Amino acid sequence: MSRADTAFQKCINPDCLAEFSCSEAFFNCPECGELLDIRYNWDKIEVPSKLSDFSKRWAMRNNRLDFSGVWRFRELLSFCKDEHKVSIGEGQTILQQNDNVAKYVKMKNGCLYLQYEGLNPSGSFKDNGMTAAFSHAKMVGAKSCACASTGNTSASMALYAHSCGLKSTVFIGSGRIAFGKLSQAMDYGAQTIQIAGDFDDCMRQVQDVCRQLGLYLLNSLNPFRLEGQKTIMYRIIEQFNWQVPDWIVVPGGNLGNSSAFGKAFAELKELGLIEKIPRIAIINATGADTLTDLVNNKGLDWNGGRVNQEVIDEYYADLMARKFSPHTCASAIEISRPVNLKKCLRTLDICNGIVRAVTDEEICDAKAVIGKYGLGCEPASAATLAGLKYLIADGTIGADEKVACVLTGHELKDPNVTVNYHKEKQGEFSNPPIEAANDINEIIKLMTAKN
Ligand code: F0G
């Protein structure tokens, strides 16, 4: 590792802190096995002196890097040369202020914002991370890659892999993936291995397979992916005219996003580019609530990097003894051993964050409200709104605070949950189709009937 480099990899374990060059590919610290961070030698990078300078790049959209909603912020993730940077036009997302959705959670007008990451090329936020990780893969000359996935990672990885000529293999849990996502992986040409198990089983297998076969791993264990995901926060604050909101609300699955968001804000603060760090609320589904349980009930915290491993080990041993497998209709976050747990605890520390869990029923109602008034989203994304409703009701978040919910995946990713909710009248906002005879009078009667 050379100090002349703009970036390097560093172990997050305070008792290790080993450093490695970015020209190597690991998915955890070769010295101690802990997670790795990407760190920057900021004095070697020409970071714009004010954030608004990044916005000027919108005017240069025929430059492929300026067009990308990730690489537009390239000085803040300066780990590879421009010639290695892969882009398929990711990050063209919008922050929508939505008063109708605000009304549902009893917030004041003008306070609730929805960050639509479903507008990415593969339909989820994952593209922010893949563009960064594939750039690193190109830099290290990777030929084949793999991931375990609840669906969106595999769709995104498969799309980027064929775009830059890598072979890709995805590991999915049997029957655990929404059809929209599975169809993408197959259509984009990934080899798809369906394992008789859940996501956590797939995650374990893929790490061993990658080690044995020398494949490039694209799960969020990969620290380069998280660098790309930081830009979701940059785009949110850009749309707030470079002010930070009071709260960011994000679903929690493997905890890559929350980890990346905390790092994004810590770095902006360190660089003197923001004054205040927003608070973060991470929302689990009750059927997959490891983070909530560990933080709220077992008192687990970052503790300066010395996280109490015994508490985690005991918790996981108990899950194993009970043969626990997580279950939620929000299949994207159906995860009980989140690989980024420790980095997420760091984010909670940086952002004075909180965690909550919401039921599938609450998720489905919130999803229907977002569909009715916004651009729609998949179930995991709607956990944010369901969580926010709680946090407003119990006074944790004020009705007049500025809140941005990150809607991580597109509505069409999981049509089954949507159709079941509406057709089977599962909730307050169900909007079922009306059956009509093939007869004009009958049809008009039904259309104009008051119910
Ligand atoms: N929302 C969606 C739509 C997701 O696909 C995921 C994760 C999350 C939220 C959770 O994000 O892991 O950063 O906490 N999906 C992964 C996958 C696990 O394989 O597609 P996280």
Side-chain angles (χ1 to χ4, degrees), residues 115-120 122-130 146-159 170-173 176-178 180-182 184-185 190 192 195 198-203 206 217-222 225-226 228-230 232-233 248-264 280-285 288-292 326 328-341 343-345 347-348 353 355 363 367 370 376-387 405-414 417:
Q115 173 67 14
Y116 277 103
E117 287 299 316
L119 300 179
N120 273 292
S122 79
S124 84
F125 76 91
K126 303 284 179 184
D127 297 351
N128 293 285
M130 289 299 166
C147 71
S149 185
T150 56
N152 282 323
T153 301
S154 57
S156 182
M157 180 189 76
L159 183 56
V170 309
F171 290 66
I172 55 172
R176 302 291 190 121
I177 179 171
K181 306 172 187 182
L182 178 60
Q184 286 180 289
T192 303
I195 294 178
D198 59 22
F199 173 82
D200 299 300
D201 297 317
C202 293
M203 195 64 236
V206 76
L217 180 74
L218 279 153
N219 281 100
S220 51
L221 268 181
N222 181 323
R225 241 192 69 185
L226 301 191
Q229 289 170 219
K230 292 189 308 192
I232 301 170
M233 295 300 104
I248 300 290
V249 187
V250 62
N254 227 1
L255 306 177
N257 259 342
S258 45
S259 299
F261 298 171
K263 185 171 188 284
I280 195 165
I282 304 170
I283 314 298
N284 279 156
D289 64 351
T290 296
L291 178 72
T292 310
T328 164
C329 73
S331 56
I333 52 173
E334 196 182 62
I335 296 172
S336 63
R337 290 158 194 262
V339 296
N340 286 300
L341 176 61
K343 283 187 180 174
C344 173
L345 295 171
T347 286
L348 291 171
V355 287
I363 288 174
K367 188 181 112 49
I370 294 167
C377 65
E378 65 167 283
S381 312
T384 54
L385 187 69
C405 292
V406 184
L407 301 185
T408 45
H410 198 281
E411 159 93 38
L412 296 176
K413 288 282 190 175
D414 192 348
V417 168

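The shown structure was predicted, so the numbers you read here are calculated from the model rather than taken from an experiment. Counting starts at 1 for both ligands and their atoms, in listed order. Just so you know, these numbers use all the heavy atoms, side chains as well, and skip hydrogens, waters and symmetry mates.
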Of Asn152, Thr408, Val339, the residue with the heavy atom nearest atom 1 (N) of ligand 1 is Thr408
When rounded to the nearest 0.5 angstrom, what is the spacing between [atom1] in [X] and [atom2] in [Y]?
{"X": "Asp127", "Y": "Leu119", "atom1": "CG", "atom2": "CG", "answer": "11.0 Å"}
{"X": "Leu345", "Y": "Ile282", "atom1": "CG", "atom2": "CD1", "answer": "8.5 Å"}
{"X": "Met203", "Y": "Phe171", "atom1": "CE", "atom2": "CZ", "answer": "10.5 Å"}

Between ligand 1 and [X], is the shortest N or O to N or O distance under 3.5 Å?
{"X": "Ser154", "result": "no"}
{"X": "Leu255", "result": "yes"}
{"X": "Phe199", "result": "no"}
{"X": "Gln229", "result": "no"}
{"X": "Ala380", "result": "no"}
{"X": "Ser149", "result": "yes"}

What atoms of ligand 1 come closer than 4.0 angstrom to any heavy atom of [X]?
{"X": "Pro251", "answer": "9 (C), 14 (O)"}
{"X": "Ile333", "answer": "8 (C), 9 (C), 10 (C)"}
{"X": "Gly256", "answer": "12 (O), 13 (O), 14 (O), 21 (P)"}
{"X": "Gly151", "answer": "19 (O), 20 (O)"}
{"X": "Asn257", "answer": "13 (O)"}
{"X": "Asn254", "answer": "12 (O), 14 (O), 21 (P)"}
{"X": "Glu378", "answer": "3 (C)"}

Using a 4.5 Å cut-off on heavy atoms from C-beta on, say whether the side chain of Val339 contacts that of Leu255. no
Counting only N and O atoms by type, is there a donor-acceptor contact under 3.5 Å from the side chain of Asn340 to the main-chain atoms of Ser259? no
Heavy atoms only, cut-off 4.0 Å: how does [X] contact ligand 1, side chain, backbone, both, or neither?
{"X": "Lys181", "value": "neither"}
{"X": "Lys126", "value": "side chain"}
{"X": "Ile335", "value": "side chain"}

Given side-chain hydrogen bond (donor to acceptor under 3.5 Å, both in side chains), test Ser124 with Thr408 step by step and report yes or no. CA-CA 6 Å; Ser124 84; Thr408 45; over 6 Å; no
